[in-house]
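Because the structure is predicted, anything quoted here is derived from the model rather than measured. Here, residue 1 is the first one in the sequence, and each next residue gets the next number. The basis for the numbers below is simple: all heavy atoms, side chains too, and nothing from hydrogens, waters or symmetry mates.
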Amino acid sequence: MAKRDEHVAALTAQQRQASVAVLEALSETGWDQPTPCEGWTVAHLAAHLSMSFRVGMPAVILAMLRERGSFDRAADRLARRDVARMDHVELVAALRDNITTAWSPPGGDLVDALCHDVVHGLDLTDGLGLPATATEAHLDIVLRTMESRKRMAYFGADLAGHALQASDLDFRIGEGDTVVLPATVIVMILTARESVYDHLEE
């Protein structure tokens, strides 16, 4: 494994371990808390975080066919199915047992897998009202990947004629009036979890 890949793999494992620690500390009511992923509770998010390790590609393809080719709707279907049949201990174990398991999304690479874990890690802590578990190193890679690979289009994010400047990292994106925000918030805006309008001064 190349040195770059080793670095990305180590950061991915670190993020997964942090998510496992959050899930292990949850009360029963915590599992029912809503997250920034529309319609998903913490339990649905936990199921999705381990989906790639538990659900084979044939099952994913079948779910996509049932959802007219939409991966997002297929992922929703699978998350709801797994929450209905797995208890909380099993959901945590599925992620814990794969902390160092290498995985790449279809058409993606290890960096995309890291971004997946980091963004959903932010969904997890945001939904629970906890401090983010992502480090500056995690956030820097996610933000630069979002920019260089033009991921904003996938999420449908709109900066509405503004530039976002990270207050805690050397990162800027967009053109127009500058809005200074923490890197975690910028990630949430670029992935359409939040709107830039939520952070404009009145």
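- Looking only at atom types and distance, the side chain of Ser50 has no donor-acceptor partner in the side chain of Arg96 under 3.5 Å away.
- Remark: Asp170 CG is loosely packed, at most 12 non-hydrogen atoms of other residues, nucleotides or ligands lying under 6.0 Å away.
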message: Walk me through whether Arg193 and Val119 qualify under side chain to side chain contact (heavy atoms under 4.5 Å, CB included).
response: CA-CA 10 Å; Arg193 268 76 170 163; Val119 172; 3.6 Å; yes
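- Cluster membership for Phe53 and Ile99, using ILVMFWY side-chain heavy atoms within less than 4.5 angstrom, is shared.
- Side-chain contact of His116 with His48: a donor-acceptor pair under 3.5 Å is present, judged by distance alone.
- In the model, Thr41 has no side-chain atom that pairs as donor or acceptor with a side-chain atom of Gln33 under 3.5 Å.
- Side chain of His7 to backbone of Arg4: no donor-acceptor contact under 3.5 angstrom is found.
- In this structure, CG on Leu91 lies 10.0 Å from NE2 on His44, to the nearest 0.5 angstrom.
- With values rounded to the nearest 0.5 angstrom, Met146 atom CE is found 11.0 Å from Ile189 atom CD1.
- Side-chain contact check for Leu11 versus Glu6: every heavy-atom pair is 4.5 Å or farther apart.
- Contact between Cys37 and Asp123 at its shortest, heavy atoms only, is SG-OD2, 3.1 Å.
- Of all non-hydrogen atoms in Pro36 and Gly127, the two that sit nearest each other are CD-N, 4.1 Å.
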task: Report the C-alpha distance between Glu90 and Arg85 in whole Å, list the side-chain angles of each, state the deciding distance to 0.1 Å, and finish with yes or no for salt bridge (charged side-chain N to carboxylate O under 4.0 Å, His left out).
output: CA-CA 10 Å; Glu90 291 173 317; Arg85 71 181 188 179; over 6 Å; no
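- With values rounded to the nearest 0.5 angstrom, Met51 atom CE is found 9.0 Å from Asp82 atom CG.
- The shortest distance between side-chain heavy atoms of Leu159 and Leu190 falls below 4.5 Å.
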- request: Apply the test side chain to side chain contact (heavy atoms under 4.5 Å, CB included) to residues Val179 and Gln165: give CA-CA distance (whole Å), side-chain angles for both, the deciding distance (0.1 Å), then the verdict.
  value: CA-CA 6 Å; Val179 182; Gln165 174 70 54; over 6 Å; no
message: Before you tell me yes or no, could you show the steps for Arg16 and Thr12 under side chain to side chain contact (heavy atoms under 4.5 Å, CB included), namely the whole-Å CA-CA distance, both residues' side-chain angles and the distance that decides it to 0.1 Å?
response: CA-CA 6 Å; Arg16 288 181 192 161; Thr12 302; 3.5 Å; yes
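- For the side chain to side chain contact (heavy atoms under 4.5 Å, CB included) with Thr184, the qualifying choice from Val118, Leu139, Asp126, Thr125 is Leu139, the only one to do so.
- Here the CG atom belonging to Leu124 is positioned 11.0 Å from the NE2 atom belonging to His120, to the nearest 0.5 angstrom.
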message: One pair to check against side chain to side chain contact (heavy atoms under 4.5 Å, CB included): Leu143 and Ile173. What are the steps and the verdict?
response: CA-CA 9 Å; Leu143 288 171; Ile173 189 170; over 6 Å; no
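- Judged by distance alone, with hydrogens and angles left aside, the side-chain atoms of His88 form no donor-acceptor pair with the main-chain N or O of Glu28 at under 3.5 Å.
- Counting only heavy atoms from C-beta outward, the side chains of Asp158 and Met152 never approach each other to under 4.5 Å.
- The existence of a salt bridge linking Arg149 and Asp109 is confirmed by a sub-4.0 Å separation between a basic side-chain nitrogen and an acidic carboxylate oxygen.
- Separating the CG atom in Leu95 from the CD atom in Gln17 is a distance of 9.0 Å, to the nearest 0.5 Å.
- Heavy atoms only, all atoms of each residue included: Ser104 and Ala113 are closest at CA-CB, 4.4 Å.
- In terms of heavy-atom proximity, Ala163 sits nearest to Arg172 at CB-NH2, 3.4 Å.
- Note: the hydrophobic cluster containing Leu128 does not contain Val185 (ILVMFWY, side chain heavy atoms under 4.5 Å, direct or indirect links).
- Residues Val92 and Val89 are members of separate hydrophobic clusters, defined by side-chain heavy-atom contacts under 4.5 angstrom among Ile, Leu, Val, Met, Phe, Trp and Tyr.
- Closest approach of Ser52 and Trp103 over heavy atoms only: CB-NE1, 3.1 Å.
- With His199 contributing its side chain and Val196 its backbone, the two residues share no donor-acceptor pair below 3.5 Å.
- A donor-acceptor contact shorter than 3.5 Å links the side chain of Thr35 to the backbone of Trp40.
- If you chain together hydrophobic residues whose side chains sit under 4.5 Å apart, Leu26 and Val83 never meet in one group.
- By the criterion of side-chain heavy atoms lying less than 4.5 angstrom apart, applied directly or through intervening Ile, Leu, Val, Met, Phe, Trp or Tyr residues, Leu78 is grouped together with Ile61 in one hydrophobic cluster.
- Rounding to the nearest 0.5 Å gives a distance of 9.0 Å between CH2 of Trp31 and CG of Asp87.
- At distances below 3.5 Å, at least one donor-acceptor pair connects side-chain atoms of Arg73 with backbone N or O atoms of Glu67.
- Met188 has its side chain within reach of Leu122: a pair of non-hydrogen atoms, C-beta onward, lies under 4.5 Å apart.
- Considering every non-hydrogen atom in both Ala183 and Leu169, the closest pair reads CB-CD1, 3.6 Å.
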